[in-house]
Amino acid sequence: IQPNCLLNGTSMPPNNELSSIMFDLPEIDINIDMCCGSSGNEGSSPDHTKDSSITVGEVAQSQQLTHSPVSIANANLLDTHATVGDASAIPPPPHHPSSHSYTEGKISVTRSARKRRIKRGCLSSVGSEEYKSFDMSYRIYRPELLRSASATPLLVLHGGPSLPSRYLYPLVDQVPDRSMIFYDQLGCGQSDAPKDLNLYSISSSVDDLEALIKALDIPRFHLYGHSFGGVVAYEYVKRVAERPQYEEQTSDKDNKGHSCHSVIISNSSTSVAMSNEESDRILQELEVGLNTQDASIVNGAFWKRSQCRLGETPAVLQDVIDNTGVEWFSAPQLLDYVAKSSSRWARELPPVLIVSGTHDFVTKPCTEGWRRLFKHNKITEAEVDGSHYLHLEKPQEYGELLTSFLSRQDQEELR
């Protein structure tokens, strides 16, 4: 892995949108708001196409927070912008989901690695495909609601890539009363983890998502993607929208089709290079603000400022960082990624909720392109006062935001 920059001759770990910094945090006392290193979001005003705005999250009376945001239970969530919570409001570290019923299992996914053979006396080459099958693990919470008519299930895509999905399990408590499907993408967690980096790509990740949807026969679902998962979510809905309609039809009587009703893209960048540049900028500003070139101190400050602003890293997050899977996030196909618009003949993409953190290294310039890519006015934008792991930093406000958006989409579908 090539470091993004060097501090005092010490290699720094990569700080891109698709990976978490993996290092031992030193015991340092840093006032993260006194350091330089603005998020790139301050002072910016979002574009509005409707005269509405929302403030999200109603804090429980038992929580001692310096500011109590306002509930959005009755807010109009169509094409709006929100600001959620307060960075000074630090809740206790979240735990694994409380006792909920779940089922789990594995499906088989296929990968192919192209091999080339050069003909003797000829410059041409012949490609051959070698197909391999691997197991991919999933877990479904509240499986009894998987085909609910009033609460469409939520299919969750984790980030990293190669951060096991269990750091997102707290969403089960935050988004109640609907089924939630998690899975470990190939290369991490309980899924197989082949070492050949040629087997990994964004396109292959979308293939695996489609295989899961088909194997579980999920007829209707909402799609949630965090960080890298947001990239996979977008590429999936774009692929489906660009696919000719006749290809969606099948002669298989048992297959009734699969429909994505909405998308939630959280803390995801439309350009990996741009989020890398923003990370480097914040790191340099922290170095100046802290007046040090000690990489461990600057990296620690970066973590506390732009990745997880809690007093201590929650155990569920530290666990997946310590058990990160195959490290393919430095592969060219990821580093060169820029989200492209769907083709002009594509069908309309689903409604979308775009969530960002005010202090995230995935700054506003990294996320503002999503609005342009979805090409419609069924867009909700929310800015939460936190950083990269908002569901851990602001669980109640974040849960209210997601629940309100999903409930609204369910109501629209029932009309």
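Starting from 1, each residue takes its place in the sequence as its number. Remember, it's a predicted structure, so these values are computed and weren't measured experimentally.
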For the pair [X] and [Y], find out whether any cationic side-chain nitrogen is under 4.0 Å from an anionic carboxylate oxygen.
X    : Y    : result
K378 : E412 : no
R281 : E285 : yes
E383 : K364 : no

Side-chain H-bond candidate by donor/acceptor type, [X] with [Y], under 3.5 Å:
X    : Y    : value
T358 : D385 : yes
Y183 : Q190 : no
S201 : S204 : yes
S306 : D360 : no
Q284 : D280 : no

Are more than 12 heavy atoms, taken from residues, nucleotides or ligands other than K375, located less than 6.0 Å from that residue's NZ atom? yes
Do the rings of Y398 and H391 sit parallel, tilted or perpendicular, given the 30° and 60° boundaries? tilted
Kindly say whether the aromatic ring centers of H388 and H359 come within a distance under 6.0 Å. no
Is the distance between the ring centroids of H226 and Y389 under 6.0 Å? yes
Please answer whether the main-chain N or O of [Y] pairs with a side-chain N or O of [X] as donor and acceptor at a distance below 3.5 Å.
X    : Y    : result
Y234 : V263 : no
R220 : T152 : no
K304 : G311 : no
E242 : S343 : yes

Please report the closest heavy-atom contact between Y236 and L223, naming both atoms and the distance. CD2-CD2, 3.7 Å
Testing Y138, Y141, Y169 for ring pair (Phe, Tyr, Trp, His ring centres under 6.0 Å) with Y102, which one passes? Y141
For C308 and W303, what are the C-alpha separation, side-chain angles and deciding distance, and is it a side-chain contact (heavy atoms from CB on, under 4.5 Å)? CA-CA 6 Å; C308 186; W303 175 268; 3.8 Å; yes
